[in-house]
Amino acid sequence: MFGGIHKWWKRRGQQPQRNVKRPKRFEINFLPNFPDGEDEASMESKRKEMVEEMKKRRLNSALIAQNMNSTFALRRKELIEEQPAVKDTVERWPALFTNSQILSEFSRISGKNLQTEFFQELDRFTQRFIDIFRAKGGDTGSKLKRILHQIDNDKSNVNARRTAVLHGLPLLLGEDPTDFYKTCFDCDGNEDMFDTAVCIMTVIPEDCPTVPYSLHLDATATAIILEGTVVVDNLENFPEAMCLLFGLIYALNLEYPKALKSTFDFIQRVILSLGHKSLKPKIQSLKNRLMQ
């Protein structure tokens, strides 16, 4: 299921970090009842059918989607009440870690189209974010300008602009993304051990320079790592990884990464409009600046 970064991460002997669960986050289907005519045994049978289908070289996507939808209540019951380790969930529900099912699960939980709303709102605010980055002074402003410098000659590249905004957003909110946005060389296995429950790993070529706040727009691949397990691999770009990670946090009932709690809260409250209108002061302040 996973490619080269999975093997690289396994070689490092990364140990999972537990206790990253969180309570309800304005879901419309936080813990749904079993559907009429279904019980745990019937849904377990469909789960096993889904697992066997995921082992095949040619997947029946329609069957997988049908069984994932039918077993939603059982899956939520397990994840919320039993709080299994992520690696155990990967084994029991492998389809949940495919791009399409991450998005479908988020829709089942929240009633929202994650991919559409995430990128639509991100793009709506992108130019205003860039203007705020340029106007920021001090040490934070210096870091943001280093980010913007990497997209100055590629202003029409939507992915580059999205990447710059997502890298700069934590800095605007006073957070340090160093332990969340990770990089590794595509042939490297000797780095120091990381001790993070959640991170996005960007795989870069061996000859690629590593400098602080680099966007790595020509990365080899991008992956999502949860509790020491590579759960989604070979993603096309960083914005896609951020979008899917947000969906996985809902799907697995996880806590937001501590280092970027305000960043993910901003995505939830402002980008996706999930939650009460009352915002924390620094999030409200940034929202006000975006609306100017």
Participant: Heavy-atom distance under 4.5 Å between the side chains of Lys258 and Phe180, does that happen here?
Facilitator: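 In short, these two side chains do not touch, never coming nearer than 4.5 Å.
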
Participant: Where do Glu240 and Asn99 land on the side-chain hydrogen bond (donor to acceptor under 3.5 Å, both in side chains) test, with the steps shown first?
Facilitator: CA-CA 10 Å; Glu240 181 187 23; Asn99 295 18; 3.2 Å; yes

Participant: For Pro170 and Leu260, which heavy atoms make the closest approach, and how far apart are they?
Facilitator: CG-CD2, 3.9 Å

Participant: State, yes or no, whether a side-chain contact exists between Ser285 and Leu279 at a heavy-atom distance under 4.5 Å.
Facilitator: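 No - every pair of side-chain heavy atoms lies 4.5 Å or more apart.
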
Participant: Apply side-chain contact (heavy atoms from CB on, under 4.5 Å) to the pair Cys243 and Leu114, showing each step before the final yes or no.
Facilitator: CA-CA 7 Å; Cys243 177; Leu114 173 60; 3.8 Å; yes

Participant: Could you tell me whether the side chains of Ser42 and Glu38 share a donor-acceptor contact shorter than 3.5 Å?
Facilitator: yes

Participant: Below 4.5 Å, heavy atoms only, C-beta onward: do Pro257 and Ile249 meet side chain to side chain?
Facilitator: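 Heavy-atom side-chain distance check passes, below 4.5 Å.
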
Participant: Would you find more than 12 non-hydrogen atoms of other residues, nucleotides or ligands less than 6.0 Å from Lys136 atom NZ?
Facilitator: no

Participant: With no hydrogens and no angle check, do the side chains of Glu236 and Asn159 hold a donor and an acceptor under 3.5 Å apart?
Facilitator: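 There is no such pair (donor and acceptor under 3.5 Å, judged by atom type) between the side chains of Glu236 and Asn159.
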
Participant: Minimum heavy-atom separation for Gln150 and His216, please, with both atom names.
Facilitator: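 Between these two residues, the closest heavy atoms are OE1-N, 4.4 Å.
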
Participant: Quick one: sort the Phe238 and Tyr181 rings into parallel, tilted or perpendicular, breaks at 30° and 60°.
Facilitator: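 Phe238 and Tyr181: perpendicular rings.
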
Participant: Counting only N and O atoms by type, is there a donor-acceptor contact under 3.5 Å from the side chain of Glu175 to the main-chain atoms of Thr263?
Facilitator: yes

Participant: Report the C-alpha distance between His276 and Phe26 in whole Å, list the side-chain angles of each, state the deciding distance to 0.1 Å, and finish with yes or no for side-chain contact (heavy atoms from CB on, under 4.5 Å).
Facilitator: CA-CA 9 Å; His276 299 311; Phe26 304 100; 3.4 Å; yes

Participant: So, do Ile224 and Phe97 sit near enough that their side-chain heavy atoms are less than 4.5 Å apart?
Facilitator: no

Participant: Applying salt bridge (Lys or Arg N to Asp or Glu O under 4.0 Å), run through Lys46 and Glu49 and close with a yes or a no.
Facilitator: CA-CA 5 Å; Lys46 293 177 181 177; Glu49 184 180 34; over 6 Å; no

Participant: Quick check for you: to the nearest 0.5 Å, what is the distance between Asp123 atom CG and Phe125 atom CZ?
Facilitator: 11.0 Å

Participant: Could you check whether any side-chain heavy atom of Lys112 comes within less than 4.5 Å of a side-chain heavy atom of Leu274, counting everything from C-beta outward?
Facilitator: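 Touching, per the 4.5 Å side-chain cut-off.
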
Participant: Atom CZ of Arg76 and atom OG1 of Thr71: how far apart are they, to the nearest 0.5 Å?
Facilitator: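 Reported to 0.5 Å precision, the distance equals 12.5 Å.
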
Participant: Side-chain contact, heavy-atom cut-off 4.5 Å: Pro94 with Met50?
Facilitator: yes

Participant: Rounded to the nearest 0.5 Å, what's the gap from CZ on Arg92 to NZ on Lys87? Could you check?
Facilitator: 13.5 Å

Participant: Passes side-chain contact (heavy atoms from CB on, under 4.5 Å), Glu105 versus Arg108? Steps please.
Facilitator: CA-CA 5 Å; Glu105 194 82 345; Arg108 286 186 281 261; 2.7 Å; yes

Participant: Would you say Asn33 has more than 12 foreign heavy atoms packed within less than 6.0 Å of its CG?
Facilitator: no

Participant: Say whether Leu63 and Met54 are linked into one hydrophobic cluster, either directly or through other cluster members, by side-chain heavy-atom distances under 4.5 angstrom.
Facilitator: no

Participant: Looking only at side chains, do Gln284 and Arg269 share a donor and an acceptor under 3.5 Å apart?
Facilitator: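 No donor-acceptor contact under 3.5 Å links the two side chains.
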
Participant: If two hydrophobic side chains count as joined below 4.5 Å and joins carry through other members, does Ile80 share a cluster with Ile28?
Facilitator: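 Looking at the clustering, Ile28 is in a separate group from Ile80.
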
Participant: Just to verify, which of Arg57, Lys55, Lys56 counts as forming a salt bridge (charged side-chain N to carboxylate O under 4.0 Å, His left out) with Glu53?
Facilitator: Lys56

Participant: Could you tell me whether Phe118 and Phe106 have their ring centroids closer than 6.0 angstrom?
Facilitator: no

Participant: Apply the test side-chain contact (heavy atoms from CB on, under 4.5 Å) to residues Lys261 and Lys280: give CA-CA distance (whole Å), side-chain angles for both, the deciding distance (0.1 Å), then the verdict.
Facilitator: CA-CA 12 Å; Lys261 192 174 187 306; Lys280 294 179 180 178; 3.7 Å; yes

Participant: Quick check for you: to the nearest 0.5 Å, what is the distance between Asp265 atom CG and Ile271 atom CD1?
Facilitator: 12.0 Å

Participant: How far does OH of Tyr256 sit from OG of Ser262, to the nearest 0.5 angstrom?
Facilitator: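 One finds 11.0 Å between OH of Tyr256 and OG of Ser262.
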
Participant: Step by step, work out the salt bridge (Lys or Arg N to Asp or Glu O under 4.0 Å) result for Arg47 and Glu40.
Facilitator: CA-CA 10 Å; Arg47 184 199 69 80; Glu40 192 162 334; over 6 Å; no

Participant: Above 12 or not: heavy atoms from other molecules or residues under 6.0 Å from CD of Glu121?
Facilitator: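 Check passes, neighbour count above 12.
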
Participant: Under a 4.5 Å cut-off applied to non-hydrogen side-chain atoms, are Thr126 and Val158 in contact?
Facilitator: no

Participant: Restricting to non-hydrogen atoms, name the atom on Val232 and the atom on Ile102 that form the minimum distance, rounded to 0.1 Å.
Facilitator: CG2-CD1, 3.9 Å

Participant: What's the shortest heavy-atom distance between Leu79 and Ala251, and which atoms?
Facilitator: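 Nearest pair, atom of Leu79 first, then Ala251: CD1-O, 3.2 Å.
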
Participant: Just list the side-chain donor-acceptor pairs under 3.5 Å for residues 127-135, sequence neighbours left out, or say none.
Facilitator:
from   : atom 1 : to     : atom 2 : distance (Å)
Gln127 : OE1    : Arg161 : NH2    : 3.0
Gln127 : NE2    : Asp131 : OD1    : 3.0
Arg128 : NE     : Arg289 : O      : 2.8
Arg128 : NH2    : Arg289 : O      : 3.2
Arg128 : NH2    : Gln292 : OE1    : 3.4
Arg134 : NH2    : Asp152 : OD1    : 3.3

Participant: Using atom types as modelled and distance alone, determine if a side-chain donor or acceptor of Glu227 lies under 3.5 Å from a backbone N or O of Ala85.
Facilitator: no

Participant: What is the minimum heavy-atom distance between Ala160 and Leu215, and which atoms define it?
Facilitator: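 The pair with the smallest heavy-atom distance is O-CD1, 4.5 Å.
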
Participant: With rounding to the nearest 0.5 angstrom, report the OG1 to CG distance, Thr98 to Leu59.
Facilitator: 9.0 Å

Participant: Looking only at non-hydrogen atoms, find the nearest pair between Thr220 and Ile204 and report the distance.
Facilitator: OG1-C, 3.9 Å

Participant: Evaluate the side-chain proximity of Ile151 to Leu148: yes if any heavy-atom separation is below 4.5 Å, no if none is.
Facilitator: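 They are in contact (side-chain heavy atoms under 4.5 Å apart), so the answer is yes.
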
Participant: What do you reckon, is CG of Asp218 surrounded by more than 12 foreign heavy atoms closer than 6.0 Å?
Facilitator: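 Atom CG in Asp218 is not packed in, count stays at 12 or less.
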
Participant: Does either side chain, that of Glu78 or that of Trp93, offer a donor lying less than 3.5 Å from an acceptor on the other one?
Facilitator: yes

